[in-house]
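Here's the structure we're looking at; comments come further down.
On a predicted model such as this, the values are computed, not experimentally measured, just so you know. Residue numbers begin at 1 in each chain, while the letters A, B, ... track the order of the sequences.
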2 protein chains.
Amino acid sequence: MGLAKTEMFTDEQNKISLFAKAFGHPARVAILQHLFKIDTCICGDLVNEIGLAQPTISQHLKELKNLGLIKGNVEGTSVCYCIDKENWASMKDIMTHFLDQDISSNNCC
Amino acid sequence: MGLAKTEMFTDEQNKISLFAKAFGHPARVAILQHLFKIDTCICGDLVNEIGLAQPTISQHLKELKNLGLIKGNVEGTSVCYCIDKENWASMKDIMTHFLDQDISSNNCC
DNA sequence: TTGTTTCATTGCAATATTACGATATAATAT
DNA sequence: ATATTATATCGTAATATTGCAATGAAACAA
């Protein structure tokens, strides 16, 4: 089907999978890493930095923006993007909680 | 296309996106959470716990196993699954490093 | 052997994702 | 006004993902 049955899962599980899905493409990972490194970044820089076409980058940026992980500010004809730190922090909390699960006992198999 | 151009990204970026993709479906998140909670788990229990059909669960388990995040042990007619803690830990290192990026300066926009 | 149980695999339909050319839009420059 | 620059959106082709019915395989039970 290609359609996840989200209604049978908890809000937390759905939230984790939505964030994870955003990181599920190397271009979006690269965009985020570049935004962290440069702190702020014009969209056009990302098109040069990463090797994908401009509409493709724009599409990836839109997904990240819809999730709230980045913000975009129009500056003349260009758009300045940066990490939304508050939302990044709360995303990090959720993901870290998921990754930090631990079990005391030994491996079963 | 539906095909990510992995060759234009770093190994780290591709690795992050592969792990993230595994967490990009709530059923796989639920499976992993259940394995952590129960420590060890028969495949059939997961089919009951989560509401998806047996072949669907089996498929999700296969993906997690291919990535090395879980292990499966045959026990008679059933199969016992559990987290591969070593691989989980190294995955966690990679993901945490990605999530923990920080910038000293203030928001740009 | 003949079922029975449990899980994996196959095949397929429905939907989602990725990528990009073409085009629209919006700000600025001349 | 017209051109230029930067980005967004649309449309579409190629591929991937999800879900499950049907079936296969493997261990066990009677």
Side-chain angles (χ1 to χ4, degrees), chain A residues 1-9 13-14 17-31 34-35 40-67 70-82 109, chain B residues 1-9 13-14 17-31 34-35 40-67 70-82 109:
Chain A
M1 305 224 151
L3 172 62
K5 295 191 158 179
T6 56
E7 74 282 1
M8 48 182 27
F9 300 102
Q13 286 161 348
N14 282 316
S17 70
L18 282 180
F19 284 131
K21 204 184 271 188
F23 305 143
H25 192 292
R28 290 189 291 268
V29 171
I31 287 171
H34 197 250
L35 286 181
T40 173
C41 193
I42 297 297
C43 170
D45 298 346
L46 289 165
V47 175
N48 295 328
E49 179 77 11
I50 302 168
L52 296 169
Q54 178 266 323
T56 308
I57 297 291
S58 197
Q59 193 172 291
H60 285 307
L61 286 168
K62 190 181 177 183
E63 285 179 61
L64 294 172
K65 202 173 155 194
N66 284 344
L67 256 183
I70 65 174
K71 292 188 283 190
N73 239 5
V74 178
E75 288 188 358
T77 66
S78 53
V79 177
C80 162
Y81 281 100
C82 67
C109 44
Chain B
M1 308 224 149
L3 172 62
K5 296 190 158 179
T6 56
E7 73 282 1
M8 49 182 28
F9 301 102
Q13 285 161 349
N14 283 315
S17 70
L18 281 181
F19 284 131
K21 205 184 268 189
F23 305 143
H25 193 292
R28 290 190 291 267
V29 171
I31 287 171
H34 197 250
L35 286 182
T40 174
C41 192
I42 298 298
C43 171
D45 297 347
L46 288 165
V47 175
N48 294 329
E49 180 77 11
I50 303 168
L52 295 169
Q54 180 267 323
T56 308
I57 296 292
S58 197
Q59 191 173 291
H60 284 308
L61 286 169
K62 191 180 177 184
E63 285 178 59
L64 293 171
K65 202 173 154 194
N66 285 343
L67 257 182
I70 65 173
K71 290 189 285 192
N73 238 6
V74 177
E75 287 189 359
T77 64
S78 53
V79 178
C80 162
Y81 281 100
C82 66
C109 43

Checklist line | Close approaches to DNA chain D from residues 21-29 of chain B, in residue order (heavy atom, under 4.0 Å) | finding: K21(B), H25(B), R28(B)

Checklist line | Within residues 17-27 of chain A or reaching into it, pairs that qualify as side-chain hydrogen bond (donor to acceptor under 3.5 Å, both in side chains) - sequence neighbours excluded | finding: none

Next item on the list: Rounded off to whole Å, could you give me the CD1-to-P distance for the I31(B) and dG19(D) pair?
Entry: 10 Å

Next item on the list: Supply the atom-to-atom distance C41(A) SG to I31(A) CD1, rounded to the nearest 0.5 angstrom.
Entry: 9.0 Å

Next item on the list: Nearest 0.5 Å please: distance from the CD1 atom of I50(B) over to the OG1 atom of T56(B).
Entry: 10.5 Å

Checklist line | Rounded distance in Å - CD1 (I42(A)) to P (dA26(C)) | finding: 19 Å

Next item on the list: Calculate the interatomic distance between I50(B) atom CD1 and dC20(D) atom C1'; express it in whole Å.
Entry: 16 Å

Next item on the list: Starting at CG of D45(A), measure out to CD1 of I57(A) and round the result to the nearest 0.5 Å.
Entry: 11.0 Å

Notebook entry, point to check: Can a donor-acceptor pair under 3.5 Å be found between the side-chain atoms of Q54(A) and the base atoms of dA8(D)?
Noted result: yes

Next item on the list: Nearest whole angstrom, please: distance from the P of dC7(C) to the CG of L52(B).
Entry: 15 Å

Check: Nearest-Å distance, NZ (K65(B)) to C1' (dC7(C))?
Finding: 11 Å

Item checked: Between CD1 on residue I70(A) and CG on residue L64(A), distance to nearest 0.5 Å -> 4.5 Å

Notebook entry, point to check: Can you name the closest pair of heavy atoms from G24(A) and A20(B) and give their distance?
Noted result: N-CB, 3.8 Å

Check: Atom CG of N73(A) to atom P of dA26(C): distance rounded to whole Å?
Finding: 17 Å

Item checked: Y81(B), nearest nucleotide to its side chain (from dC7(C), dA8(D), dC20(D)) -> dC7(C)

Next item on the list: Test side-chain contact (heavy atoms from CB on, under 4.5 Å) on L61(B) and Y81(B) and set out the steps.
Entry: CA-CA 9 Å; L61(B) 286 169; Y81(B) 281 100; 3.6 Å; yes

Item checked: Nearest-angstrom distance from the residue atom CE of M8(B) to C1' of dC20(C) -> 12 Å

Next item on the list: Report the distance from atom CG of L52(A) to atom CE of M8(B), rounding to the nearest 0.5 Å.
Entry: 5.0 Å

Item checked: Interatomic spacing from OG1 in T40(A) to NE2 in H34(A) - rounded to 0.5 Å -> 11.0 Å

Item checked: Positions of residues 56-64 of chain B (non-hydrogen atom under 4.0 Å from DNA chain C), listed by number -> S58(B), K62(B)

Notebook entry, point to check: salt bridge (charged side-chain N to carboxylate O under 4.0 Å, His left out) with E63(A): which residues, sequence neighbours excluded?
Noted result: R28(A)

Check: The side chain of A4(A) lies closest to which of these nucleotides: dG19(D), dT15(C), dA8(D)?
Finding: dG19(D)

Next item on the list: Output all residues satisfying side-chain contact (heavy atoms from CB on, under 4.5 Å) with S58(B), sequence neighbours left out; order by chain, then residue number.
Entry: Q54(B)

If you restrict it to nitrogen or oxygen atoms, what contacts under 3.5 Å exist between nucleotides 26-30 of chain D and the protein, and what is each distance?
none

